[in-house]
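Order of listing sets the numbers, starting from 1, for every ligand and every atom in it. All residue numbers refer to positions in the sequence shown, counting from 1.
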Amino acid sequence: MNEMKCSYCNNEAIEEAYGKAYCKKHFNNYFLGRVRSIIDKFKINGKIAVALSGGKDSSACFYALHNLKLELVPFYINLGIKNYSDICQEKAEELCQQLGYELNVIYLADYGIELEKYKKPCSTCGTAKRYLMNKFAYENGCKYIATGHNLSDIVTFAMSNFISGNILNFRGNKPYLQGKEEYKLVAKIKPLFWLKDKECMLYTWINELAYAEEECPYSINAPTIKIKEWLNMLEAEQEGALMNMAKSLWKLEEKMEKDVKLNLCSNCGYVSYGKICKFCKIRKK
Ligand code: AMP
Ligand code: FES
Ligand code: ZN
Ligand code: ZN
């Protein structure tokens, strides 16, 4: 069998995407180009707090932003999950060493929260992560928070809301969410918005970035795993389906955007929908 050649040079191709073949070097260029398109479109410039989970996506996101020579402050939230959180922290630390940064670590336990005591640990965890990411970025004078959500995650998450009848509940289906200084709300970016799961995996591998393979024990039977598999099958049959769905979601999000009334939490002083923010509520439980 003939080896497949890169569409841009004479080297052997390692990946095909949207009708083009890529060698290692040109795959890196392709990947970075997709990330750069978001950075340029939203004129991202200034300090970025990079949320590292220890997993492949945030490692890929961090490395791409590092290659684009942006000003980065990496941080990790240790959620105190046994046999998981410490392993992920080690990987995030290893990655920071590889790239020459110091990792900032936030411990959920410092806020008196033990996830295992909650009935729905994933939802408590989600609230806590969102809150602590924003607080960290705000306190460290960052203009943005970058997360490693990729194209497959975004479409999967929207689809799971769609399937459960909550299409209007979901937010964040666009690569940039504006901040609001008066509410101590830092802007969010998703640099991997146009990149699929397997592309992020490949980018992490070929650049030999440290990442943890462990999955969160609370997510093992998550319904989203099946939805992602199903979407991957669709993408394999009809390349571009995921990207087109994300484009539709983005358009929908712009139409749905309305002025949500925000407050400052009367307990902690950070952004909140009600009088007291969700994070302060879970701390009281
Ligand atoms: P997840 O919600 O686990 O799908 O993660 C989505 C993104 O949130 C990751 O790509 C990271 O950027 C960020 N993130 C998840 N967990 C953590 C964590 N423990 N510490 C910091 N950032 C995180
Ligand atoms: Fe939050 Fe699993 S990472 S519950
Ligand atoms: Zn090439
Ligand atoms: Zn609060």
field: Angle subtended at the Zn ion (ligand 3) by C6 SG and C9 SG, rounded to 10 degrees
entry: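 The SG/SG angle about the Zn ion (ligand 3) sits at 110°.
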message: Pair E253, K255 - check salt bridge (Lys or Arg N to Asp or Glu O under 4.0 Å), show working.
response: CA-CA 5 Å; E253 172 104 13; K255 289 252 185 254; over 6 Å; no
message: Taking CD in E237 as the centre, count heavy atoms belonging to other residues, nucleotides or ligands within less than 6.0 Å. Is the count above 12?
response: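 Counting other residues, nucleotides and ligands, CD of E237 stays at 12 neighbours or fewer.
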- prompt: Among the clusters formed by ILVMFWY side chains lying less than 4.5 Å apart, do V271 and F279 turn up in the same one?
  reply: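 As far as the 4.5 Å side-chain criterion goes, F279 and V271 are not connected within one cluster.
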Among protein heavy atoms, which sits nearest to [atom], and what does the distance come to when rounded to 0.1 Å?
| atom | result |
| --- | --- |
| atom 20 (N) of ligand 1 | I77 N, 2.9 Å |
| atom 17 (C) of ligand 1 | S53 CB, 3.5 Å |
| atom 12 (O) of ligand 1 | A51 O, 2.7 Å |
| atom 1 (P) of ligand 1 | K129 NZ, 4.1 Å |

task: Give yes if a backbone or side-chain nitrogen or oxygen of A146 is under 3.5 Å from a nitrogen or oxygen of ligand 1, and no if not.
output: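 Between A146 and ligand 1, no N or O pair is found under 3.5 Å apart.
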task: May I ask you to check whether G148 has an N/O atom sitting below 3.5 Å from an N/O atom of ligand 1?
output: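 Yes; the residue has a nitrogen or oxygen that sits under 3.5 Å from a nitrogen or oxygen of the ligand.
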If we only count heavy atoms from C-beta on, is the [X] to [Y] side-chain gap below 4.5 Å?
| X | Y | answer |
| --- | --- | --- |
| M159 | K228 | no |
| K129 | L79 | yes |
| P191 | L65 | yes |

message: Between E139 and K135, does any side-chain N to carboxylate O distance fall below 4.0 Å?
response: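 The answer is yes: the pair qualifies as a salt bridge.
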query: Can you find a protein heavy atom closer to atom 4 (O) of ligand 1 than 4.0 Å?
result: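 When distances to the protein are checked, atom 4 (O) of ligand 1 has no heavy atom within 4.0 Å.
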field: Within the 6.0 Å centroid threshold, strictly below: Y183 and Y270
entry: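 Between Y270 and Y183, which both carry aromatic rings, the centre distance is not below 6.0 Å.
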message: I want to know whether H66 and Y101 have ring centres closer than 6.0 Å.
response: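 Between H66 and Y101, the centre distance is under 6.0 Å.
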Shortest heavy-atom approach to atom 6 (C) of ligand 1 - which of R130, H149, K56, E215: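 Shortest heavy-atom distance from atom 6 (C) of ligand 1: H149.
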- prompt: Looking at M133, which atoms of ligand 1 are within less than 4.0 Å of one of its heavy atoms?
  reply: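 What qualifies from ligand 1 is 8 (O), 13 (C), 14 (N), 22 (N), 23 (C).
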task: Round to 10° and report the angle made at the Zn ion (ligand 4) by SG of C265 and SG of C268.
output: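 Here the angle at the metal atom is close to 100°, to 10°.
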field: Name of whichever N/O/S atom of H26 is nearest to the Zn ion (ligand 3)
entry: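 It is ND1, the N, O or S atom of H26 closest to the Zn ion (ligand 3).
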query: Using a heavy-atom cut-off of under 4.0 Å, does the side chain or the backbone of L52 touch ligand 1, or both, or neither?
result: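 The part of L52 near ligand 1 is the backbone, not the side chain.
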